[in-house]
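Just below is one structure, and these are the notes that go with it.
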Protein chains: 2
Amino acid sequence: MTTLRDVAREAGVSVATASRAINGHSNVTGPTRDAVLAAVKKLNFVPHSGARSLTRKKTDTVGVILPDLFGEFFSEIIRGIDLVAHESGMHLLLGNMHGSTHETAAAIAAMRGRVDGLLVMPPDVKPELLAGYLDPALPTVLLNYDAGPLDLPFVAVDNYRGAYAMTEALLERGARQVIHIAGPKHNRDARDRQRGFVDAMAKVAKERNPVILPGDFSEESGEEAARLLVQGQLPADAVFAANDQMAVGLIAELARAGVSVPRDVMVAGFDDIPLARHLSPGLTTMQVNIDRLGSTGMMLLLRLLRGDTLGAASATILNPDLIARGTTGGAAADGARAGIAAGASPP
Amino acid sequence: MTTLRDVAREAGVSVATASRAINGHSNVTGPTRDAVLAAVKKLNFVPHSGARSLTRKKTDTVGVILPDLFGEFFSEIIRGIDLVAHESGMHLLLGNMHGSTHETAAAIAAMRGRVDGLLVMPPDVKPELLAGYLDPALPTVLLNYDAGPLDLPFVAVDNYRGAYAMTEALLERGARQVIHIAGPKHNRDARDRQRGFVDAMAKVAKERNPVILPGDFSEESGEEAARLLVQGQLPADAVFAANDQMAVGLIAELARAGVSVPRDVMVAGFDDIPLARHLSPGLTTMQVNIDRLGSTGMMLLLRLLRGDTLGAASATILNPDLIARGTTGGAAADGARAGIAAGASPP
DNA sequence: GTTCACAAAGTAACCGGTTACACGCGCCAA
DNA sequence: TTGGCGCGTGTAACCGGTTACTTTGTGAAC
């Protein structure tokens, strides 16, 4: 590998001068600069970023620590981060916490000396533990995680408000009995969505004890919920699933049981996965601009790196948008929907 | 930040001893080791990976350079890479070439001194240019790119064989007139798929001039092809689109024109995007295990890093699997399918 | 009691850059 | 002529670790 010394020797100057010429400092004469650059070209010299960052105390890299994510969510969040990072000439070092708390600590520790800042999304790690893992000297922004006592800037989606709005919309469209399929119990997003649903039901429909079926964000748990609905003959004219994945499973299983969406029952999801608009009828859902979660987080981190002092007060809350499609379609007159019992004809 | 010298001072030993104790070398006595580790804990010392990799000449990081990728493809490939990398304690540094050739060179250069090896997927860069950008001293594996003259190990999907198999399958299911919708002309995957189709038609159906409609992998170009088919009243009882995206557009537009799939015409795609199985009827397609592209590439790179010398001869070719679903469904008797003309009733 | 072998710990060079400081030189004012 | 200034360049310390080499100290062998 060619080093700076090789270049300096070739150009007949000292390493200091070579370094200055390469980095475009002003105190180098034209001819000297040319000689150095010629040597660089001739020897095919590329600066060693590792060595450079050691003295500069800057790596031009940010660490991104995400949980085990699948599909669109992962790629969208990275895309959002990269979009902003790339503009500022920053690189992305990926760390995966693979679910376990222990790995989270390891992933964060491994970042020391490699990155200038951290973007962390630790859905399953308790705040008090997280505090112990993070290096207070390293600028850090949390993704989709209310920092709580940590006083770190964060970006989150307003799941509560989204779920509230969706529930409200279903009621406005004439639903009387809305049922919610919840996400995993320990999952913060899921809990917030459930709270939004419960509050909207209480406030708008004056229903204090709405039906909530368990789920875990998987398609299968959506199917399971559908079976519960049909077999239990639960009176429902609308189902609000805590995510699209479950809504998809729900709809498929309802169809198998002879229940038609939206004729017999309306269905809504959350997230707006790409599949949502391709279903027929299309799935009504809350669109979460996941890429914005990433890009906004990265912007906050850049400000932190520039020296601004930002705390939890600088948090950004993203509002999801309601996308109305076919599964809540048709201008059903108030209370006109048949409900699940009507369509159900068990095999 | 705490450094190794701080730890050494605290423990009352030299930096060399501290370093040895921390790295578990054998030539340190028990009490000394304990003293050092106690100091580490007390001062909350975390080794500076940047400095460490400078002397060790190992970064435990591999660079991953991908084009602008969206959605599933991107996340799956990263997931595959991470799976293997994580097992070997390797980190992933992401670089995006953002389409342009110039950025590709920059992305590769930026990796110098940060990574031990490179995983590159350069679909739009010409081999002779790529050769100039790559550092011959840096272990490199190419993804989905036939190295050609570069003599680098690579992993690719056997698009030719996949397309051949799919065409054959359509013919076996009774199709007489199969039409292909091609992908972008400059795209290597698209070209290989087209060749597979042409060869299968020649060999199996003795058809030397099969109809090929232009496309660009987009949903719109699939719709466009459908309009051509219907308006031109082209005799076709099966359409093989070069990717799923186009097949989706095709099917939607055919439905609008009153052509039923698979009753009037069979449709097949390529890739097995998640949407494929959610359509009704489900889309018959070739499943490319994208994560295996990543994991296999990473395995090759690990071997390279271990010192094995691997050239283009070590390439791994992944075979896609045929997933038969509804769009080629029904046990149509030989030649019994109505064809497009039959179902078409232009508005 | 001296010699030798060997283990534990220290000293300092080194990885590949950056940069504070020193140096030499030409130019101008005093 | 001399002192001062500024510019271009070189010398060497430094970033934070690792490790070759050296030193010190202990016990076994003669």
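The sequence lines fix the lettering, A, B, ..., with proteins before strands; numbering per chain opens at 1.
- The residue S53(B) sits apart from the nucleic acid: no heavy atom pair falls under 4.0 Å.
- Judged by atom type and distance alone, R52(A) does not reach the base of dG16(C) through any side-chain donor-acceptor pair under 3.5 Å.
- Toward the 5' end of DNA chain D, the nearer of the two residues V15(A) and V28(A), judged by each one's closest nucleotide, is V28(A).
- Under 3.5 Å, the side chain of R20(A) and the base of dG10(D) form at least one donor-acceptor pair of N or O atoms.
- The structure places CD1 of I22(A) at 11.0 Å from CZ of R33(A), a figure rounded to the nearest 0.5 Å.
- Between the CG atom of N23(A) and the C1' atom of dG17(C) there is a distance of 9 Å, given to the nearest Å.
- Residue contacts shown for T32(A) are limited to sugar-phosphate atoms, with no base heavy atom under 4.0 Å away.
- Rounding to the nearest 0.5 Å places CE of M1(B) at 9.5 Å from CZ of F45(B).
- Summarising the geometry, atom CG belonging to L94(A) is positioned 11.0 Å from atom CG belonging to L119(A); distances are rounded to the nearest 0.5 Å.
- Base engagement by S19(B) is indicated by at least one non-hydrogen atom pair under 4.0 Å involving a base atom.
- Here K57(B) does not reach the OP1 or OP2 of dT18(D): none of its side-chain N or O atoms lies under 4.0 Å away.
- In this structure, A51(A) and I22(B) both approach DNA chain D, and ranking their closest nucleotides by distance from the 5' end singles out A51(A).
- The side chain of A16(B) has dT11(C) as its nearest neighbour among dG8(D), dT18(D), dT11(C).
- Counting to the nearest Å, the P atom of dG16(C) and the NZ atom of K58(A) are 22 Å from each other.
- Between L4(B) atom CG and dG10(C) atom C1' there is a gap of 13 Å when expressed in whole angstrom units.
- Atom P of nucleotide dT18(D) and atom CG of L54(A) are separated by 12 Å, given to the nearest angstrom.
- Put simply, NE2 on H48(A) is 17 Å from P on dG17(D), counting in whole angstrom units.
- What separates NE2 of H25(A) from C1' of dG10(D) is a distance of 16 Å, to the nearest Å.
- Regarding contacts with the backbone of dG17(C), a side-chain N or O of R112(B) is found under 4.0 angstrom from either OP1 or OP2.
- At dT9(D), none of the side-chain N or O atoms of N27(A) fall inside 4.0 Å of OP1 or OP2 (strictly under the cut-off).
- For the pair D6(B) CG and dG16(D) C1', the computed distance is 10 Å after rounding to whole Å.
- Residue contacts shown for R33(A) are absent, as no nucleic acid heavy atom lies under 4.0 Å away.
- Considering OG of S314(B) and CG of L304(B), their distance stands at 8.0 Å, rounded to 0.5 Å.
- Of the candidate nucleotides dT9(D), dT18(D), dA9(C), dT18(D) has the atom nearest to the side chain of T55(B).
- Between T29(B) and dA9(C), a side-chain N or O to OP1/OP2 separation shorter than 4.0 Å is present.
- Using a 4.5 Å cut-off on side-chain heavy atoms (C-beta onward), D189(B) and V157(B) make no contact.
- Dashed line: the shortest gap from a side-chain N or O of S14(A) to OP1 or OP2 of dG10(D) is under 4.0 Å.
- Using a cutoff of 4.0 Å between basic side-chain nitrogens and carboxylate oxygens, R9(A) and D6(A) are scored as salt-bridged.
- Under 3.5 Å, the side chain of R56(A) and the base of dG17(C) form no donor-acceptor pair of N or O atoms.
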